[in-house]
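In what follows, a single structure is set out as structure tokens and then discussed.
Each ligand, and each atom within it, is numbered from 1 in the order the structure gives.
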Amino acid sequence: AGAGVLQGRRVLITAGPTLEDIDPVRFVGNRSSGKMGFAVAAAARAAGAEVTLVSGPVSLPTPDGVTRIDVRSAQQMHQAVFAALPGQDVFIAAAAVADYRPAEPLAQKRKKAGETWQIDLVLNPDILAEVAARPQRPFIVGFAAETNDVEAHARDKLRRKRLDMIAANHVGQPGCGFESCDNALSVYWQDGGEEIALADKSAVAAQLVECIARRMEAAG
Ligand code: C5P
């Protein structure tokens with residue numbers, strides 16, 4: 001990103017999946033390498049921001065100069081985000097948070113028995129929507145992974161979750177999304193948008209950071 005476009009800003013980022021334990025050896029969760037969120041953290045740092053990265057379980061090194069908080073479940077991520085939130089200027093939710101968690105995680109490993117196994121799941125908190133619902137809020141950026149009608153779905157999410165900006169991944173397109181090193185993003189805000197062309201995730205992250213800085217300036 002342009003040197004210093006986020007100079008002096010405090011930026012909080014979530015990244016990676018959350019894993020929701022079924023028992024001590026099994027879990028449910030989403031596919032996410034954390035690469036995009038980590039690239040955004042590195043780009044925000046390079047742009048001069050003070051960056052806090054709340055990460056689910058990933059195998060990625062912490063970007064230089066970034067404060068990292070490791071969590072496992074959505075509930076832990078929720079707690080870590082709200083603890084770190086006061087004083088933040090920007091919140092970027094790049095984590096693939098599990099929408100549901102097992103209602104009653106087992107303290108001991110369940111033995112294999114029977115042909116089927118039913119597990120009740122309960123809804124996790126929507127971290128992004130809760131941050132956005134607060135009266136005193138930072139500039140808020142969400143991510144969306146869409147396979148079809150990308151703009152309509154992303155704009156709907158922008159409105160529903162009361163975001164300032166949403167960055168949509170076109171999943172299912174070659175070279176994009178999960179585990180890939182490359183990505184392309186369609187970025188939308190209330191009265192505009194911008195396409196970030198397919199490139200490696202660090203180049204895409206740098207452009208996203210520039211876009212965030214421009215929008216924050218425009219918003220005053
Ligand atoms: O509604 P959907 O899950 O598609 O929205 C995705 C966006 O919401 C992402 O930015 C993701 O990080 C965030 N999110 C969240 N907490 C959840 C679910 C999604 O912060 N429980």
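At the top of the distance list for atom 6 (C) of ligand 1, counting protein heavy atoms only, stands Phe143 O, 3.1 Å. The protein non-hydrogen atom at the shortest distance from atom 12 (O) of ligand 1 is Ala95 O, 2.6 Å.
Not a single heavy atom of Asn124 sits under 4.0 Å from any atom of ligand 1. At a 4.0 Å cut-off, not a single heavy atom of Ala74 sits close enough to ligand 1 to count as contact. Close to ligand 1: Pro125, with a non-hydrogen atom less than 4.0 angstrom away. Not a single heavy atom of Met77 sits less than 4.0 Å from an atom of ligand 1.
No side-chain donor-acceptor contact under 3.5 Å links Asp23 to the backbone of Leu106. For Asp200 (side chain) and Asp182 (main-chain N/O), no donor-acceptor pair under 3.5 Å exists by modelled atom type.
Considering backbone and side-chain N/O of Val97, none are found under 3.5 Å from N/O of ligand 1. Checked by distance only, ligand 1 and Leu128 come closer than 3.5 Å through their nitrogen or oxygen atoms. Polar contact with ligand 1: present for Lys161 (N/O pair, distance under 3.5 Å). Residue Ala93 places at least one N or O, backbone or side chain, under 3.5 Å from an N or O of ligand 1.
Of the options Lys157, Glu146, Arg101, the smallest heavy-atom separation from atom 4 (O) of ligand 1 is shown by Lys157.
Side chains of Glu20 and Ser73: no donor on one and acceptor on the other come within 3.5 Å. Asp99 and Asn124 are not linked by any side-chain donor-acceptor pair at a separation below 3.5 angstrom, with hydrogens and angles left out of the test. Checked by atom type, the side-chain pair Ser32/Asn30 shows no donor-acceptor distance below 3.5 Å.
In plain terms, the two heavy atoms of Ile22 and Val28 that are nearest each other are CD1-CG1, 3.8 Å.
In this structure, Arg72 forms a cation-pi arrangement with Phe27, its terminal cationic atom sitting closer than 6.0 Å to the ring centre and no more than 45° off the ring axis.
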* Asked: Hey, mind stepping through Leu163 and Leu128 against side chain to side chain contact (heavy atoms under 4.5 Å, CB included) and telling me if it holds?
  -> CA-CA 9 Å; Leu163 313 180; Leu128 177 58; 3.7 Å; yes
